[in-house]
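Proteins come first, then strands; the chains are lettered A, B, ... in the order of their sequence lines, and each starts at number 1. Just so you know, these numbers use all the heavy atoms, side chains as well, and skip hydrogens, waters and symmetry mates.
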Amino acid sequence: MQDKIEYSKAFFSRELLEWYESAKRDLPWRRHRNPYYIWVSEIMLQQTRVDTVIPYFHRFIEQFPTLQALAEAPEEEVLKRWEGLGYYSRARNLQAAAKQVLEQYGGVVPADKASVSGLKGVGPYTTGAILSIAYNLPEPAVDGNVMRVLSRFFRIEEDIMKSGTRALMEGLAAELIPEGRASDFNQALMELGALVCTPKSPQCLTCPVMGRCLARLDGVEDRLPVKSKAKPPRPEYRIAALVEGCGGHDGRLLVRRRPAKGLLAKMWELPHILAAPSAGGGVGLPDDGQAMEQLSALLAAEGIAAEPVDVLMDAEHTFSHIHWNLRVYRFREAAAALPPGVAGAALEYAAVAESGAAYESSGGEEYRWITPADMRQLAFPNVFLRILKHHAPEWDATQTSLESSI
DNA sequence: AAGTCGGGGTT
DNA sequence: AACCCAGACTT
(Lines give C-alpha, C1' and ligand atoms only; values in the text may rest on other atoms or scores of the structure.)
Protein backbone atom coordinates (compact mmCIF):
# COMPACT_ATOMS: atom_id res chain seq x y z
CA MET A 1 0.00 0.00 0.00
CA GLN A 2 2.73 2.42 1.02
CA ASP A 3 4.71 1.27 -2.01
CA LYS A 4 1.79 2.17 -4.25
CA ILE A 5 1.67 5.68 -2.80
CA GLU A 6 5.41 6.07 -3.26
CA TYR A 7 5.13 4.89 -6.84
CA SER A 8 2.28 7.36 -7.45
CA LYS A 9 4.40 10.20 -6.14
CA ALA A 10 7.27 9.39 -8.49
CA PHE A 11 4.83 8.96 -11.37
CA PHE A 12 3.13 12.27 -10.59
CA SER A 13 6.36 14.28 -10.50
CA ARG A 14 7.78 12.71 -13.64
CA GLU A 15 4.63 13.00 -15.77
CA LEU A 16 3.83 16.51 -14.58
CA LEU A 17 7.28 17.82 -15.45
CA GLU A 18 7.10 16.14 -18.85
CA TRP A 19 3.67 17.70 -19.52
CA TYR A 20 4.83 21.16 -18.45
CA GLU A 21 7.58 21.26 -21.07
CA SER A 22 4.98 21.37 -23.82
CA ALA A 23 2.00 22.96 -22.03
CA LYS A 24 3.56 25.91 -20.22
CA ARG A 25 2.26 29.31 -21.18
CA ASP A 26 4.51 32.08 -22.39
CA LEU A 27 4.04 34.57 -19.55
CA PRO A 28 5.93 37.87 -19.24
CA TRP A 29 7.55 36.98 -15.91
CA ARG A 30 8.71 33.65 -17.33
CA ARG A 31 10.82 35.25 -20.04
CA HIS A 32 13.69 36.05 -17.67
CA ARG A 33 14.73 34.56 -14.37
CA ASN A 34 14.68 37.94 -12.69
CA PRO A 35 13.85 37.62 -8.99
CA TYR A 36 12.32 41.11 -8.95
CA TYR A 37 9.97 40.28 -11.85
CA ILE A 38 9.02 36.99 -10.23
CA TRP A 39 8.35 38.67 -6.92
CA VAL A 40 6.17 41.39 -8.48
CA SER A 41 4.23 38.79 -10.47
CA GLU A 42 3.64 36.59 -7.44
CA ILE A 43 2.27 39.49 -5.41
CA MET A 44 -0.02 40.51 -8.28
CA LEU A 45 -1.16 36.91 -8.76
CA GLN A 46 -2.38 36.62 -5.15
CA GLN A 47 -6.18 36.32 -5.48
CA THR A 48 -5.95 37.42 -9.10
CA ARG A 49 -6.13 35.58 -12.43
CA VAL A 50 -3.23 35.48 -14.86
CA ASP A 51 -5.20 37.22 -17.65
CA THR A 52 -6.00 40.13 -15.34
CA VAL A 53 -2.42 40.45 -14.14
CA ILE A 54 -0.61 40.49 -17.50
CA PRO A 55 -1.38 44.09 -18.55
CA TYR A 56 -0.76 45.34 -14.99
CA PHE A 57 2.57 43.55 -14.91
CA HIS A 58 3.72 45.19 -18.15
CA ARG A 59 2.72 48.68 -17.02
CA PHE A 60 4.25 48.19 -13.58
CA ILE A 61 7.62 46.97 -14.88
CA GLU A 62 7.63 49.69 -17.50
CA GLN A 63 7.38 52.35 -14.81
CA PHE A 64 9.44 50.55 -12.15
CA PRO A 65 11.99 48.50 -14.15
CA THR A 66 14.13 47.66 -11.13
CA LEU A 67 13.68 47.04 -7.45
CA GLN A 68 15.50 50.30 -6.77
CA ALA A 69 13.16 52.26 -9.05
CA LEU A 70 10.20 50.86 -7.14
CA ALA A 71 11.77 51.57 -3.77
CA GLU A 72 12.45 55.20 -4.67
CA ALA A 73 9.11 55.99 -6.38
CA PRO A 74 6.42 58.13 -4.75
CA GLU A 75 3.81 55.87 -3.15
CA GLU A 76 1.12 57.68 -5.14
CA GLU A 77 2.62 56.44 -8.40
CA VAL A 78 2.75 52.88 -7.14
CA LEU A 79 -0.91 52.97 -6.14
CA LYS A 80 -1.82 54.50 -9.50
CA ARG A 81 -0.18 51.57 -11.31
CA TRP A 82 -2.13 49.19 -9.06
CA GLU A 83 -5.42 51.00 -9.66
CA GLY A 84 -8.18 48.51 -10.50
CA LEU A 85 -6.24 45.45 -9.38
CA GLY A 86 -7.62 45.43 -5.85
CA TYR A 87 -6.18 44.54 -2.43
CA TYR A 88 -4.15 47.74 -2.43
CA SER A 89 -2.18 46.84 0.67
CA ARG A 90 -0.32 44.45 -1.64
CA ALA A 91 1.08 47.44 -3.52
CA ARG A 92 1.99 49.39 -0.39
CA ASN A 93 3.58 46.31 1.20
CA LEU A 94 5.50 45.52 -1.99
CA GLN A 95 7.05 48.96 -2.06
CA ALA A 96 7.84 48.85 1.65
CA ALA A 97 9.53 45.48 1.11
CA ALA A 98 11.49 46.83 -1.86
CA LYS A 99 12.89 49.52 0.44
CA GLN A 100 13.67 46.78 2.95
CA VAL A 101 15.64 44.82 0.32
CA LEU A 102 17.49 47.94 -0.80
CA GLU A 103 18.56 48.80 2.73
CA GLN A 104 19.11 45.38 4.27
CA TYR A 105 20.24 43.26 1.31
CA GLY A 106 21.92 45.74 -1.01
CA GLY A 107 19.05 45.65 -3.48
CA VAL A 108 19.32 41.90 -4.15
CA VAL A 109 16.24 39.79 -3.40
CA PRO A 110 17.51 37.42 -0.69
CA ALA A 111 17.66 33.67 -1.33
CA ASP A 112 17.07 32.26 2.13
CA LYS A 113 13.79 31.39 3.77
CA ALA A 114 14.10 33.53 6.90
CA SER A 115 14.95 36.69 4.94
CA VAL A 116 12.31 36.25 2.24
CA SER A 117 9.50 35.42 4.64
CA GLY A 118 10.45 38.50 6.66
CA LEU A 119 9.54 40.81 3.77
CA LYS A 120 6.29 42.74 4.02
CA GLY A 121 3.42 41.09 2.18
CA VAL A 122 5.33 37.83 1.71
CA GLY A 123 3.68 34.90 3.44
CA PRO A 124 4.28 31.14 3.26
CA TYR A 125 3.09 30.72 -0.33
CA THR A 126 5.02 33.64 -1.80
CA THR A 127 8.17 32.70 0.14
CA GLY A 128 8.12 29.27 -1.50
CA ALA A 129 7.30 30.74 -4.90
CA ILE A 130 10.20 33.22 -4.84
CA LEU A 131 12.75 30.72 -3.51
CA SER A 132 11.77 27.97 -5.92
CA ILE A 133 10.95 29.91 -9.10
CA ALA A 134 13.70 32.53 -8.86
CA TYR A 135 16.43 30.46 -7.19
CA ASN A 136 15.39 26.86 -7.88
CA LEU A 137 15.51 26.04 -4.17
CA PRO A 138 13.45 22.98 -3.10
CA GLU A 139 10.71 24.82 -1.20
CA PRO A 140 7.00 24.06 -1.61
CA ALA A 141 4.73 26.84 -2.93
CA VAL A 142 1.21 25.87 -1.96
CA ASP A 143 -1.58 28.04 -3.34
CA GLY A 144 -5.19 27.22 -4.10
CA ASN A 145 -4.29 25.51 -7.39
CA VAL A 146 -1.79 23.24 -5.66
CA MET A 147 -4.20 22.29 -2.89
CA ARG A 148 -6.86 21.44 -5.46
CA VAL A 149 -4.52 19.27 -7.54
CA LEU A 150 -3.05 17.44 -4.54
CA SER A 151 -6.40 16.94 -2.80
CA ARG A 152 -7.70 15.25 -5.94
CA PHE A 153 -4.67 13.21 -6.93
CA PHE A 154 -4.15 11.85 -3.42
CA ARG A 155 -7.84 12.02 -2.47
CA ILE A 156 -7.26 14.18 0.58
CA GLU A 157 -10.60 15.01 2.19
CA GLU A 158 -9.40 17.65 4.66
CA ASP A 159 -11.10 21.04 4.41
CA ILE A 160 -8.66 23.30 2.53
CA MET A 161 -10.05 26.35 4.34
CA LYS A 162 -8.58 25.02 7.62
CA SER A 163 -5.12 26.34 8.40
CA GLY A 164 -3.82 22.90 9.35
CA THR A 165 -4.50 21.57 5.87
CA ARG A 166 -1.97 23.89 4.24
CA ALA A 167 0.78 22.49 6.48
CA LEU A 168 -0.17 18.97 5.40
CA MET A 169 -0.09 20.00 1.75
CA GLU A 170 3.30 21.70 2.15
CA GLY A 171 4.81 18.51 3.51
CA LEU A 172 3.44 16.53 0.59
CA ALA A 173 4.41 19.15 -2.01
CA ALA A 174 7.96 19.24 -0.66
CA GLU A 175 8.31 15.46 -1.05
CA LEU A 176 7.22 15.65 -4.67
CA ILE A 177 9.87 18.12 -5.87
CA PRO A 178 12.30 16.29 -8.16
CA GLU A 179 16.01 16.80 -7.49
CA GLY A 180 17.16 20.10 -9.00
CA ARG A 181 13.79 20.86 -10.62
CA ALA A 182 11.99 22.94 -7.98
CA SER A 183 11.37 25.91 -10.27
CA ASP A 184 9.76 24.00 -13.13
CA PHE A 185 7.97 21.55 -10.87
CA ASN A 186 6.25 24.15 -8.70
CA GLN A 187 5.19 26.11 -11.75
CA ALA A 188 3.97 22.91 -13.39
CA LEU A 189 1.81 22.10 -10.39
CA MET A 190 0.12 25.51 -10.51
CA GLU A 191 -0.16 25.40 -14.29
CA LEU A 192 -2.00 22.08 -14.10
CA GLY A 193 -4.42 23.55 -11.57
CA ALA A 194 -5.02 26.58 -13.76
CA LEU A 195 -5.38 24.82 -17.12
CA VAL A 196 -6.55 21.24 -16.50
CA CYS A 197 -7.45 20.48 -12.89
CA THR A 198 -9.89 23.40 -12.72
CA PRO A 199 -12.36 24.03 -9.89
CA LYS A 200 -15.40 23.22 -12.05
CA SER A 201 -15.51 20.58 -14.80
CA PRO A 202 -11.83 19.53 -14.67
CA GLN A 203 -10.44 18.42 -18.04
CA CYS A 204 -9.41 14.99 -16.78
CA LEU A 205 -9.18 13.44 -20.24
CA THR A 206 -6.25 15.71 -21.07
CA CYS A 207 -4.57 15.34 -17.68
CA PRO A 208 -1.06 13.88 -17.68
CA VAL A 209 -1.61 12.16 -14.32
CA MET A 210 -5.21 10.95 -14.76
CA GLY A 211 -4.07 7.34 -14.69
CA ARG A 212 -3.21 7.37 -10.99
CA CYS A 213 -5.46 10.20 -9.76
CA LEU A 214 -7.41 8.75 -6.83
CA ALA A 215 -10.29 11.22 -7.11
CA ARG A 216 -10.69 10.43 -10.82
CA LEU A 217 -10.38 6.66 -10.28
CA ASP A 218 -13.07 6.87 -7.57
CA GLY A 219 -15.22 9.28 -9.60
CA VAL A 220 -15.17 11.96 -6.90
CA GLU A 221 -13.17 14.70 -8.63
CA ASP A 222 -16.23 16.97 -8.69
CA ARG A 223 -16.56 17.10 -4.91
CA LEU A 224 -12.87 17.67 -4.15
CA PRO A 225 -11.31 19.65 -2.67
CA VAL A 226 -13.55 19.89 0.38
CA LYS A 227 -13.94 23.57 1.12
CA SER A 228 -16.13 25.25 3.72
CA LYS A 229 -18.14 28.17 2.43
CA ALA A 230 -17.26 31.76 3.18
CA LYS A 231 -19.69 34.08 4.92
CA PRO A 232 -21.72 36.16 2.46
CA PRO A 233 -20.84 39.87 2.40
CA ARG A 234 -23.00 42.13 4.58
CA PRO A 235 -24.96 44.79 2.68
CA GLU A 236 -24.21 48.48 3.20
CA TYR A 237 -26.27 51.34 1.80
CA ARG A 238 -24.29 54.45 0.97
CA ILE A 239 -25.04 57.84 -0.55
CA ALA A 240 -22.41 59.74 -2.50
CA ALA A 241 -22.08 63.28 -3.81
CA LEU A 242 -20.66 64.21 -7.17
CA VAL A 243 -20.11 67.94 -6.74
CA GLU A 244 -19.43 70.03 -9.83
CA GLY A 245 -17.44 73.15 -9.01
CA CYS A 246 -18.34 76.62 -10.16
CA GLY A 247 -16.65 80.01 -10.17
CA GLY A 248 -13.02 79.33 -9.34
CA HIS A 249 -13.72 75.61 -9.49
CA ASP A 250 -15.33 75.55 -12.91
CA GLY A 251 -14.74 72.22 -14.62
CA ARG A 252 -13.56 70.62 -11.39
CA LEU A 253 -15.04 67.88 -9.21
CA LEU A 254 -14.78 67.42 -5.46
CA VAL A 255 -12.95 64.28 -4.36
CA ARG A 256 -11.32 63.11 -1.17
CA ARG A 257 -8.61 60.67 -0.11
CA ARG A 258 -9.39 57.83 2.26
CA PRO A 259 -7.50 57.45 5.55
CA ALA A 260 -4.15 55.61 5.64
CA LYS A 261 -5.58 52.48 7.26
CA GLY A 262 -8.50 50.20 6.55
CA LEU A 263 -10.64 49.58 3.50
CA LEU A 264 -9.20 51.09 0.28
CA ALA A 265 -6.56 52.89 2.32
CA LYS A 266 -5.15 56.05 0.71
CA MET A 267 -7.34 55.68 -2.38
CA TRP A 268 -9.29 58.65 -3.79
CA GLU A 269 -13.07 58.64 -4.01
CA LEU A 270 -16.23 60.74 -4.17
CA PRO A 271 -17.46 61.93 -0.77
CA HIS A 272 -19.98 59.43 0.57
CA ILE A 273 -21.56 58.33 3.83
CA LEU A 274 -23.37 55.38 5.28
CA ALA A 275 -27.05 56.17 4.84
CA ALA A 276 -28.78 56.88 8.10
CA PRO A 277 -31.70 54.50 8.71
CA SER A 278 -34.79 55.94 7.09
CA ALA A 279 -37.72 57.30 9.09
CA GLY A 280 -39.53 53.98 8.87
CA GLY A 281 -36.51 52.32 10.47
CA GLY A 282 -36.10 50.05 7.46
CA VAL A 283 -32.75 49.07 6.02
CA GLY A 284 -31.87 50.24 2.56
CA LEU A 285 -31.41 53.56 0.84
CA PRO A 286 -33.18 56.55 2.36
CA ASP A 287 -35.60 58.53 0.21
CA ASP A 288 -33.89 61.01 -2.07
CA GLY A 289 -34.92 64.10 -0.11
CA GLN A 290 -33.39 62.78 3.10
CA ALA A 291 -30.28 61.60 1.29
CA MET A 292 -29.71 65.02 -0.29
CA GLU A 293 -30.09 66.66 3.11
CA GLN A 294 -27.59 64.31 4.71
CA LEU A 295 -25.07 64.94 1.95
CA SER A 296 -25.62 68.71 2.13
CA ALA A 297 -24.83 68.52 5.82
CA LEU A 298 -21.64 66.54 5.12
CA LEU A 299 -20.52 69.10 2.55
CA ALA A 300 -21.39 72.02 4.80
CA ALA A 301 -19.23 70.50 7.52
CA GLU A 302 -16.36 70.63 5.03
CA GLY A 303 -17.07 74.30 4.33
CA ILE A 304 -18.62 73.57 0.95
CA ALA A 305 -22.01 75.04 0.02
CA ALA A 306 -23.69 73.04 -2.70
CA GLU A 307 -27.19 72.48 -4.03
CA PRO A 308 -28.49 69.04 -4.98
CA VAL A 309 -29.28 68.68 -8.68
CA ASP A 310 -30.53 65.16 -9.30
CA VAL A 311 -29.80 61.46 -8.95
CA LEU A 312 -26.89 60.56 -11.21
CA MET A 313 -26.93 56.76 -10.88
CA ASP A 314 -26.95 53.74 -8.64
CA ALA A 315 -23.84 51.59 -8.37
CA GLU A 316 -22.98 48.36 -6.62
CA HIS A 317 -19.65 47.07 -5.51
CA THR A 318 -18.78 43.82 -3.78
CA PHE A 319 -15.79 43.43 -1.53
CA SER A 320 -15.01 40.12 0.15
CA HIS A 321 -16.95 41.03 3.27
CA ILE A 322 -19.13 44.05 2.33
CA HIS A 323 -21.58 44.70 -0.48
CA TRP A 324 -22.02 48.40 -1.24
CA ASN A 325 -25.28 49.69 -2.64
CA LEU A 326 -24.42 53.21 -3.66
CA ARG A 327 -26.68 56.00 -4.89
CA VAL A 328 -24.87 58.97 -6.38
CA TYR A 329 -26.40 62.47 -6.27
CA ARG A 330 -25.22 65.33 -8.43
CA PHE A 331 -24.55 68.61 -6.62
CA ARG A 332 -23.65 72.04 -7.93
CA GLU A 333 -21.33 74.19 -5.87
CA ALA A 334 -23.14 77.36 -4.74
CA ALA A 335 -21.53 80.61 -5.81
CA ALA A 336 -21.77 82.53 -2.55
CA ALA A 337 -20.24 79.73 -0.59
CA LEU A 338 -19.98 80.74 3.05
CA PRO A 339 -22.31 82.40 5.50
CA PRO A 340 -21.42 85.87 6.83
CA GLY A 341 -19.18 86.02 9.85
CA VAL A 342 -16.58 83.66 8.55
CA ALA A 343 -15.15 85.94 5.89
CA GLY A 344 -11.58 85.31 7.05
CA ALA A 345 -11.99 81.57 6.84
CA ALA A 346 -13.68 81.96 3.49
CA LEU A 347 -10.76 83.92 2.08
CA GLU A 348 -8.27 81.42 3.40
CA TYR A 349 -10.34 78.58 2.03
CA ALA A 350 -10.66 80.30 -1.34
CA ALA A 351 -6.89 80.77 -1.52
CA VAL A 352 -6.27 77.10 -0.86
CA ALA A 353 -8.94 76.07 -3.34
CA GLU A 354 -7.63 78.39 -6.03
CA SER A 355 -4.17 76.90 -5.84
CA GLY A 356 -5.69 73.45 -6.31
CA ALA A 357 -4.10 72.36 -3.05
CA ALA A 358 -5.74 69.84 -0.82
CA TYR A 359 -6.93 70.43 2.71
CA GLU A 360 -7.69 68.14 5.61
CA SER A 361 -11.19 67.73 6.92
CA SER A 362 -11.83 67.31 10.61
CA GLY A 363 -12.28 63.58 9.99
CA GLY A 364 -8.76 63.29 8.57
CA GLU A 365 -9.79 62.84 4.96
CA GLU A 366 -8.16 65.06 2.41
CA TYR A 367 -10.52 66.97 0.08
CA ARG A 368 -9.50 68.39 -3.28
CA TRP A 369 -11.07 70.00 -6.34
CA ILE A 370 -9.64 68.15 -9.32
CA THR A 371 -9.54 68.48 -13.11
CA PRO A 372 -9.67 65.55 -15.56
CA ALA A 373 -5.88 65.83 -15.93
CA ASP A 374 -5.48 65.07 -12.21
CA MET A 375 -6.83 61.59 -12.90
CA ARG A 376 -3.35 60.71 -14.20
CA GLN A 377 -1.95 60.86 -10.71
CA LEU A 378 -4.77 59.92 -8.36
CA ALA A 379 -5.74 56.28 -7.83
CA PHE A 380 -9.46 55.51 -7.54
CA PRO A 381 -11.17 52.18 -6.77
CA ASN A 382 -13.05 50.74 -9.74
CA VAL A 383 -16.49 51.59 -8.44
CA PHE A 384 -15.67 55.31 -8.53
CA LEU A 385 -13.94 55.04 -11.91
CA ARG A 386 -17.19 53.61 -13.27
CA ILE A 387 -19.20 56.46 -11.76
CA LEU A 388 -16.88 59.15 -13.13
CA LYS A 389 -16.92 57.55 -16.56
CA HIS A 390 -20.71 57.48 -16.49
CA HIS A 391 -20.79 61.13 -15.45
CA ALA A 392 -18.77 62.37 -18.44
CA PRO A 393 -16.24 60.88 -20.86
CA GLU A 394 -13.49 63.36 -20.03
CA TRP A 395 -13.31 61.85 -16.54
CA ASP A 396 -12.60 58.39 -17.96
CA ALA A 397 -8.90 58.91 -17.45
CA THR A 398 -7.89 55.52 -16.23
CA GLN A 399 -4.28 54.62 -16.87
CA THR A 400 -5.37 52.31 -19.67
CA SER A 401 -7.17 54.92 -21.69
CA LEU A 402 -4.40 57.45 -21.04
CA GLU A 403 -1.72 55.15 -22.34
CA SER A 404 -3.57 54.15 -25.46
CA SER A 405 -3.81 57.83 -26.37
CA ILE A 406 -0.08 58.43 -25.98
C1' DA B 1 -9.70 30.56 14.35
C1' DA B 2 -12.18 34.29 12.51
C1' DG B 3 -12.37 38.63 10.33
C1' DT B 4 -10.28 42.18 7.03
C1' DC B 5 -8.76 43.33 2.54
C1' DG B 6 -10.86 43.94 -4.23
C1' DG B 7 -11.96 42.54 -8.27
C1' DG B 8 -13.35 39.47 -11.79
C1' DG B 9 -15.02 35.13 -13.63
C1' DT B 10 -18.66 31.33 -14.70
C1' DT B 11 -23.16 29.45 -14.74
C1' DA C 1 -28.75 36.83 -9.80
C1' DA C 2 -26.12 33.49 -7.45
C1' DC C 3 -22.12 31.52 -6.76
C1' DC C 4 -17.03 30.75 -7.17
C1' DC C 5 -11.98 31.98 -6.73
C1' DA C 6 -8.41 32.73 -2.57
C1' DG C 7 -2.97 34.78 0.09
C1' DA C 8 -1.42 37.93 3.87
C1' DC C 9 -2.27 40.30 7.78
C1' DT C 10 -4.66 41.49 12.09
C1' DT C 11 -7.16 40.50 16.09
Does B:dG7 have its OP1 or OP2 closer than 4.0 Å to a side-chain nitrogen or oxygen of A:T52?
no
At under 4.0 Å between heavy atoms, what does A:K227 touch on the DNA or RNA strands: base, sugar-phosphate, or nothing?
base
By nearest atom, which of the nucleotides B:dC5, C:dG7, B:dG7 is closest to the A:L263 side chain?
B:dC5
Checking all strands, does A:T318 fall into the base, sugar-phosphate, or nothing category for heavy-atom contacts under 4.0 angstrom?
base
Side chain of A:H321 only, heavy atoms from C-beta on: which candidate in C:dG7, B:dG7, B:dT4 is closest?
B:dT4
Taken to the nearest whole Å, CZ/A:R258 to C1'/B:dG6 is 12 Å
Atom C1', compared across B:dC5 and C:dC5: separation rounded to whole Å:
15 Å
Short side-chain N/O contact to B:dG7 OP1/OP2 from A:H317, under 4.0 Å
yes
Round to the nearest Å and state the distance from A:F319 atom CZ to C:dC3 atom P.
21 Å
Which heavy atom of A:L270 sits nearest to which heavy atom of A:H272, and what is that distance?
O-CD2, 3.1 Å
Atom CZ of A:R166 to atom C1' of B:dA2: distance rounded to whole Å?
16 Å
A:R49, nearest nucleotide to its side chain (from B:dG9, C:dG7, B:dG7)
B:dG9
Which nucleotide sits closest to the side chain of A:N382: B:dG8, B:dT4, C:dA6?
B:dG8
Whole-angstrom distance between C:dT11 and B:dG6, as gauged at atom P:
15 Å
Nearest to the side chain of A:Q46, heavy atoms from C-beta on, is which of B:dG6, C:dA6, C:dA8?
C:dA8
I'd like to know if A:K80 pairs up with A:E77 as an ion pair, taking the criterion as any Lys NZ or Arg NE/NH1/NH2 lying under 4.0 Å from an Asp or Glu carboxylate oxygen.
no
Earlier contact from the 5' end, DNA chain B, for A:G262 and A:S163
A:S163
Electrostatic pair A:E42:A:R90 at N-O distance under 4.0 angstrom
no
Checking contacts here: which listed nucleotide (B:dG7, B:dG3, C:dA6) is nearest the side-chain heavy atoms of A:Y87?
C:dA6
Does A:T48 reach a base, just sugar-phosphate, or nothing at all? Heavy atoms under 4.0 Å.
base
What is the distance, rounded to the nearest whole Å, between atom CD1 of A:I43 and atom P of B:dG6?
15 Å
Whole-Å C1' distance, B:dT4 and C:dA6:
14 Å
When you get a sec, tell me which of C:dC5, C:dA8, B:dG7 is the closest nucleotide to the side chain of A:R148?
C:dC5
Nearest-nucleotide check on DNA chain C, A:K120 vs A:M161; residue mapping nearer the 5' end is A:M161
Hey, can you tell me if A:F154 and A:F12 have their rings parallel, tilted or perpendicular (30° and 60° cut-offs)?
tilted
Heavy atoms only, 4.0 Å cut-off, all strands: where does A:I322 land among base, sugar-phosphate and nothing?
nothing
Indicate the ring-plane relationship of A:W395 and A:H391, choosing parallel, tilted or perpendicular according to the 30° and 60° boundaries.
tilted
Atom NZ of A:K229 and atom C1' of B:dA2: how far apart are they, to the nearest Å?
18 Å
Answer with base, sugar-phosphate or nothing: what part of the nucleic acid does A:P124 contact at a heavy-atom distance below 4.0 Å?
sugar-phosphate
Ignoring hydrogens and angles, does a donor from either the side chain of A:S320 or the base of B:dG6 sit under 3.5 Å from an acceptor on the other?
yes
Just the rounded figure in Å: distance from P of C:dC5 to CG of A:D51.
17 Å
Between A:E333 and A:L254, is any pair of side-chain heavy atoms under 4.5 Å apart?
no
Rounded to whole Å, CG of A:L79 lies from C1' of B:dC5 at a distance of 14 Å
Distance-only donor-acceptor test, A:Q47 side-chain atoms vs C:dG7 base atoms, 3.5 Å
yes
Which whole-number value in Å describes the distance from A:I160 CD1 to C:dC4 C1'?
12 Å
Taking 4.0 angstrom as the limit, do A:E75 and A:K99 come out as a salt bridge?
no
